[in-house]
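The residues of the chain are indexed from 1 along the displayed sequence.
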Amino acid sequence: QVQLVESGGGFVQVGGSLSLSCAASGHTFEEYGAGWFRQAPGKEREFVAAISWSGSSVYYAESVKGRFTISRDNAKNTLYLQMDTLKPDDTAVYYCAAKYSGRSYYTDRPVFVDDEYEHWGQGTQVTVSS
């Protein structure tokens, strides 16, 4: 079982940047693929970005491609999301998630379907003001 705790959310103006972190504990984080999702008020949760357990492969939603960067440091058991050129539509609660992959070559791929993730953080609020 892995526990996830997000941090780094806050208020930022349009065009600004924020960096989110997700600290994992309780299990070897390197054995998990990971991703970021978000949920705006009145909307369904949506995929943002995902990274394979090794970090060798990433995948982004079209709405954030070129502006957001997902990365991980397995030695520090931490997942990151660098968000640049933020827009009001990026306002949401951001969640990190982990899916057990077992460090297999065959599972070393990013996962963008939220139902495949077994573990979730509590979320961190990001508000972009215009």
*Criterion side-chain hydrogen bond (donor to acceptor under 3.5 Å, both in side chains) against D108, the qualifying member of S101, S56, S57*: S56

Could you tell me the separation between the [atom1] atom of [X] and the [atom2] atom of [Y], rounded to the nearest 0.5 Å?
X   : Y    : atom1 : atom2 : result
D90 : S63  : CG    : OG    : 7.0 Å
Q3  : Q122 : CD    : CD    : 12.0 Å
L86 : S130 : CG    : OG    : 13.0 Å
S71 : L79  : OG    : CG    : 7.0 Å
W53 : Y100 : CH2   : OH    : 11.0 Å
C96 : H119 : SG    : NE2   : 11.5 Å

Listed pairs under 3.5 Å, donor-acceptor, residues 11-36 side chains, sequence neighbours left out:
from: S17; atom 1: OG; to: D84; atom 2: OD1; distance (Å): 2.7
from: E31; atom 1: OE2; to: R103; atom 2: NH2; distance (Å): 3.3
from: W36; atom 1: NE1; to: Y80; atom 2: O; distance (Å): 3.1

Do [X] and [Y] come within less than 4.5 Å of each other through their side chains, counting heavy atoms only?
X   : Y    : value
V93 : T124 : no
L4  : W120 : no
E46 : F37  : no
R72 : T78  : no

Please say yes or no: joined through hydrophobic side-chain contacts below 4.5 Å, possibly via intermediate residues, are [X] and [Y] part of one cluster?
X    : Y   : value
V113 : Y95 : yes
V111 : V48 : no
Y117 : Y94 : no

*Could you tell me whether Y59 and F47 have their ring centroids closer than 6.0 angstrom?*
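When the ring centroids of Y59 and F47 are compared, they turn out to be within the sub-6.0 Å range.
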
*Taking all heavy atoms of T69 and all of Y60, pick out the closest pair and write down the distance.*
CA-OH, 3.3 Å

*What heavy-atom pair brings L81 and A49 nearest, and what distance separates the two atoms?*
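What the structure gives for the nearest pair is CD1-CB, 4.3 Å.
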
*asked:* Using the side chain to side chain donor-acceptor pair (under 3.5 Å) criterion, which residues pair with N77? Sequence neighbours excluded.
replied: none

*Sequence neighbours left out, what passes side chain to side chain donor-acceptor pair (under 3.5 Å) with K65? Give chain and number order.*
E62

_Checking salt bridge (charged side-chain N to carboxylate O under 4.0 Å, His left out) between D114 and each of K99, R38, R45, which is the one that passes?_
R45

